[in-house]
There are 2 protein chains.
Amino acid sequence: MTQNRIIKICIVEDDALILKSLQMVLNQAEGYAVTGTFFSAEAALENLKEHHPDVLLLDIDLPGISGIEAIPRLKKLQPELNIVMLTVHDESELVFAALRKGAVGYLVKGSTSKYLLQGISEVIEGGAPMSPSIARAVIASFAPKTETVLTDREVEVLEKLSNGTNNKQIAEDLFVSTNTIKAHIKNIYKKLHVHSRAEAVTKAIKKGLI
Amino acid sequence: MTQNRIIKICIVEDDALILKSLQMVLNQAEGYAVTGTFFSAEAALENLKEHHPDVLLLDIDLPGISGIEAIPRLKKLQPELNIVMLTVHDESELVFAALRKGAVGYLVKGSTSKYLLQGISEVIEGGAPMSPSIARAVIASFAPKTETVLTDREVEVLEKLSNGTNNKQIAEDLFVSTNTIKAHIKNIYKKLHVHSRAEAVTKAIKKGLI
DNA sequence: GTCCAAATCACCCATCTGGGTAATGGTATG
DNA sequence: CATACCATTACCCAGATGGGTGATTTGGAC
């Protein structure tokens, strides 16, 4: 059982007060030890390999490299690392993004010690601490597989969308029917989690898809 | 009248043959004198102040700093300078861009002497030598004034658009009616020369407006 | 050989969008 | 004070969009 050994935890949090508070709660609890703390994602990335924690608590909103951006980099250093996000409110957008990057769950800052410890033990036992609404979104998202990767055809359509081209014209440009274009657009929306051309274009540009 | 004195002309043209030809035509004509010639925009920028021409003939397609790029810099050195572009074919895109930068007209290389002299005298008299199609584009473009600068409110609406928010929701967010939002969007479209949300968003992001 | 995803196409329908036209009050700028 | 621009609102209308459901074909993965 995991209870037979001490769970090593590292924390990345720019707010010194919150960090101290978390550290105290965890160190006082049976079976947990905070073995490293960092004030930035950059610092964590540089020193993670020296700590090899079982769990990493990662602030979602860090200055510089954000928590979300840091996830893939941290995972690269220690692939099996359990990353748990720290967030003020459970804003589904950000948390969702973090989970998609590889975080296993999240904890809300300022919760009770009991809640925090329960969340971490949940992670150690292979669980994923999160609210029901987030859980639902995750299920819905990962069920249709496809990891936000658009097909070549979809990217092609997306580029047309960004130029303000309408379905009819796109259909003519690509030598297919407007129904096909509609089908592609629907798939793009599903994959990008958007509901309009404008939103799809924004997301695509900001993600560098087009 | 302008006919009472000699019109000083400078020419920027990288093709030596064309430059010589222009120089000859103008020097032989009554009332005109080519007082300086340059093979590049860089050379013109360095020496313009020594010449103070009435008219500058500027090749649109120069190596290094292009004719179009040179316009604002030349204008900075001599604000009231009449810049006339020299172009091989009257490609509306380039000519249009030049006019937007402050050129007063353009002449097609290889035209007859009569045409060239007429164009330059037109400039001196406050006219703008250009083809009807270019003229129409210019009218259409400069009529709605406001040089792609959006008002604060419009930027606000644009940001909502980029999030895929629909008119009704934007209206609620900004505490106004949907009709107002529609009006703002129409104005945004006019200013950005676009016809859809997706296109507006693309342009706005690429221009750094949002 | 079977399964699956990608690409193709169809039909329906409520709602939204884009474009045209017009008007009002407020606030600068001249 | 007049003109200009901004923000605001209204009405109309054709056409486009977003969403739901369902189907076929083809080519690669297992």
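All heavy atoms count here, side chains included; hydrogens, waters and symmetry mates do not.
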A:V84 and side chain to side chain contact (heavy atoms under 4.5 Å, CB included): which single residue from A:I9, A:I11, A:V55, A:L116 fits? A:V55

Would you mind building the protein contact string for nucleotides 17-22 of chain D? One character per nucleotide, 5' to 3', B for base within reach (heavy atoms under 4.0 Å), S for sugar-phosphate only, - for untouched. SBBBB-

Evaluate the side-chain proximity of B:S40 to B:D14: yes if any heavy-atom separation is below 4.5 Å, no if none is. no

Any heavy-atom pair between the side chains of A:E154 and A:N187 that's under 4.5 Å? yes

What nucleotide, of D:dT9, D:dC6, C:dA10, holds the atom closest to the side chain of B:N179? D:dT9

How long is the line joining [atom1] of [X] and [atom2] of [N], in whole Å?
X      : N      : atom1 : atom2 : result
B:E156 : D:dA7  : CD    : P     : 9 Å
A:N187 : C:dA7  : CG    : P     : 9 Å
B:I188 : D:dC5  : CD1   : P     : 18 Å
B:E199 : C:dT17 : CD    : C1'   : 14 Å
B:R153 : C:dT27 : CZ    : P     : 15 Å
B:I181 : D:dT8  : CD1   : C1'   : 10 Å
A:I170 : C:dC9  : CD1   : C1'   : 16 Å
B:D173 : D:dT8  : CG    : P     : 13 Å

Listing request: all salt bridge (charged side-chain N to carboxylate O under 4.0 Å, His left out) pairs with a residue in residues 158-181 of chain B, at least two apart in sequence or in separate chains. B:K160-B:D173

How would you list all residue pairs meeting salt bridge (charged side-chain N to carboxylate O under 4.0 Å, His left out) that involve residues 51-72 of chain A, not counting sequence neighbours? A:R5-A:D54, A:D59-A:K109

What's the verdict on side chain to side chain contact (heavy atoms under 4.5 Å, CB included) for B:V108 and B:V88, showing C-alpha distance, side-chain angles and the deciding distance? CA-CA 6 Å; B:V108 176; B:V88 180; over 6 Å; no

As a quick check of understanding, evaluate side chain to side chain contact (heavy atoms under 4.5 Å, CB included) for B:L81 and B:L48, giving each step before the final call. CA-CA 10 Å; B:L81 176 64; B:L48 183 70; 4.0 Å; yes

Global bending angle along the helix from C:dG1-D:dC30 to C:dG30-D:dC1, which compares the axes of five pairs at either end, to 10 degrees: 60°

Under-3.5 Å N/O pairs linking protein and nucleotides 23-29 of chain D:
none

Between B:R197 and B:T165 (side chain of the first, backbone of the second, donor and acceptor by atom type, cut-off under 3.5 Å), is there such a pair? yes

Presence of A:S177 side-chain N/O under 4.0 Å of C:dC9 phosphate oxygens OP1/OP2: yes

Check whether any side-chain nitrogen or oxygen of B:T151 sits under 4.0 Å from OP1 or OP2 of D:dC6, and answer yes or no. no

Which ring pair (Phe, Tyr, Trp, His ring centres under 6.0 Å) pairs, counting each pair once, include a residue from residues 158-184 of chain A, with sequence neighbours left out? none

Enter the distance from A:I60:CD1 to A:L86:CG here, rounded to the nearest 0.5 Å. 9.0 Å

List the steps and the verdict of side chain to side chain contact (heavy atoms under 4.5 Å, CB included) for A:K203 and A:V201. CA-CA 5 Å; A:K203 213 151 197 171; A:V201 166; over 6 Å; no

